[in-house]
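Quantities reported herein were computed from a predicted structural model and do not represent experimental measurements. So you know, we letter chains A, B, ... as the sequences are listed, proteins then strands, and number each from 1. In what follows, every heavy atom counts, from backbone to side chain, and hydrogens, waters and symmetry copies are set aside.
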Amino acid sequence: MWLLIATPLIAQVPLPEMGALQGSGISVLSQSVSVSVASINIVAVSASSVSLSLSTGMEATDNSTTYDITVNGSSKKLTGSLNADYSNGISLDIELAPPTGASAQLRTLTTAAQDLVSGISYAAESNLVITYTGRAQPSTSPNGAGETRTVTITVTDS
Amino acid sequence: MSPPSRRQKYRTNQPIDHGAVQPRPQGLSALTTFVFGLLLLAFQPTIAQVPLPEMGAIRNTTGPQFYFLTGGRSVDLDIIDATPGQEPNSVSDASTEIYWDASYGVTSKITISTVCPGQSYSLYTELDVTSWGSGTVATEQPEIALSDGMMDTDILRDIPPDQPGRIGTGVLTYRAEATVAQGNSFENGDDYHSITLTIVAQ
């Protein structure tokens, strides 16, 4: 005697994988984007030259120039120097208005770099005043057309 | 020669005639078949059993289409300079263009999100549709800020369900920005975003 086993007429299909999309279209796109930021330390001055005449006295001051600064890191400073010394008896002082949170020092410029502003961090400020003071000793002889020197201001790590 | 009698068949000293037809033990055969059938049903693989569709019920649909028309690879945004006295200059990339066919049968939209653990800088994006002239109809959204772990945010809305309006292309522009207060990669490292764009029913 044979035993017949009847089963319903059905289609057997495999279960879909986890996360499989419905239908045949794609509905999600992926993309990678990276952002990098360089260490930026820049300063610029508003005027390329300053003239100080001591004909009316032994001292003259100019505060007509300014500087702009952008620093996106911590613990930076500004240094200043001359390309060559003035004649004996003549000197040039400089004082910079500091950015927020920094401190400034009055310096008599020489050919050696000296700290002018210290403690600069994460600053983006403009129109900060530069004050130049020229001095001559009473015994100093007139120097004709004058003496021109180049002042270099540098942003550097503290 | 007549077949051996039943009594003769089970005598051990009788020779076995291999040419004769031996009747089966009837009860044992039926039981074997039944057990085998049960085993066959028991060890079927784990599968979903769904009823066959009725005649004419199967429809051929292509589903939504969504892909990179250009670009789509990694985008690198490098902030390198600034105007003295100002915040660093932002940089942009517009090399990615996407294509969509929002065949959902209802109004659709495109959303965007990102994952960027330890994000330090700002990243923005905007989708500018480039296929208006071919009949695309949708509503562009303003530039969106991408921040780590954000919810899916609409970047394009009101994509109609029917052709030709449901089909379109657009340029995806990324813009990176970093204030001085956000520092730099020497101190904080770079940001790495995993961006996800999704087209869904609105």
* Structure fact -> When every non-hydrogen atom of Ile159(B) is compared with those of Ala138(B), the smallest separation belongs to CG1-CB, 4.1 Å
* Structure fact -> Assert top hit (heavy-atom pairs under 4.5 Å, partner chain B, pool Val35(A), Thr70(A), Asp68(A)) equals Val35(A)
* Give the member of Gly73(A), Ser36(A), Ser32(A) that has the highest number of heavy-atom pairs under 4.5 Å with chain B. => Ser36(A)
* Asked: By number, which residues in residues 85-96 of chain B have some heavy atom less than 4.5 Å away from chain A?
  -> Gly85(B), Gln86(B), Glu87(B), Pro88(B), Thr96(B)
* Verify the neighbour count for atom CZ of Arg149(A): are there more than 12 heavy atoms of other residues, nucleotides or ligands below 6.0 Å? => yes
* Asked: Among Leu29(A), Ile69(A), Ile42(A), which has the most heavy-atom pairs under 4.5 Å with chain B?
  -> Leu29(A)
* Looking at Thr114(B), Asp78(B), Val200(B), which one has more heavy-atom pairs under 4.5 Å with chain A than the rest? -> Asp78(B)
* Do you know the tightest heavy-atom contact between Asn41(A) and Lys76(A)? -> OD1-CE, 3.4 Å
* Structure fact -> Note: Gln31(A) and Val75(B) closest approach over all heavy atoms is NE2-CG2, 3.6 Å
* Asked: Which residues in residues 189-197 of chain B have any heavy atom lying under 4.5 Å from a heavy atom of chain A?
  -> Asp190(B), Asp191(B), Tyr192(B), His193(B), Ser194(B), Ile195(B), Thr196(B), Leu197(B)
* **Non-hydrogen atoms of Gln202(B) and Ser108(B) that approach each other most closely** => OE1-O, 3.3 Å
* Carefully, step by step, assess Ser103(A) and Ser118(A) under the rule side chain to side chain donor-acceptor pair (under 3.5 Å). => CA-CA 5 Å; Ser103(A) 59; Ser118(A) 58; 3.2 Å; yes
* Asked: What is the minimum heavy-atom distance between Ser34(A) and Asp76(B), and which atoms define it?
  -> OG-OD1, 2.6 Å
* Asked: Checking heavy atoms, do the side chain of Ile40(A), its backbone, both or neither come under 4.5 Å from chain B?
  -> side chain
* Say whether, by atom type as modelled, one donor and one acceptor occur between the side chain of Ser185(B) and the main chain of Val37(A) under 3.5 angstrom. => yes
* To do: Tell me, for Ile110(B) versus chain A, whether the close heavy atoms (under 4.5 Å) come from the side chain, the backbone, both or neither.
  => neither
* To do: Determine the minimum heavy-atom distance between Arg107(A) and Asp115(A), stating which atoms define it.
  => NE-O, 2.7 Å
* Any chance CG of Asn83(A) has more than 12 other-residue heavy atoms, nucleotides or ligands included, within less than 6.0 Å? -> yes
* For the candidates Gly71(B), Ala82(B), Ala178(B), which exhibits the highest count of non-hydrogen atom pairs separated by less than 4.5 Å from chain A? -> Ala82(B)
* Going by an N to O cut-off under 4.0 Å, is there a salt bridge joining Asp158(B) and Lys109(B)? -> no
Let me check something: any side-chain donor-acceptor pairs from residues 120-128 of chain A under 3.5 Å, sequence neighbours excluded? List them with distances.
residue, atom, partner, partner atom, Å
Ser121(A), OG, Ser75(A), N, 2.9
Tyr122(A), OH, Glu187(B), OE1, 2.9
Glu125(A), OE2, Thr100(A), N, 2.7
Glu125(A), OE2, Thr100(A), OG1, 3.0

* Structure fact -> For residues 101-148 of chain B, the ring pair (Phe, Tyr, Trp, His ring centres under 6.0 Å) pairs (sequence neighbours left out) are none
* Ile98(B) versus chain A, heavy atoms under 4.5 Å apart: side chain, backbone, both or neither? -> side chain
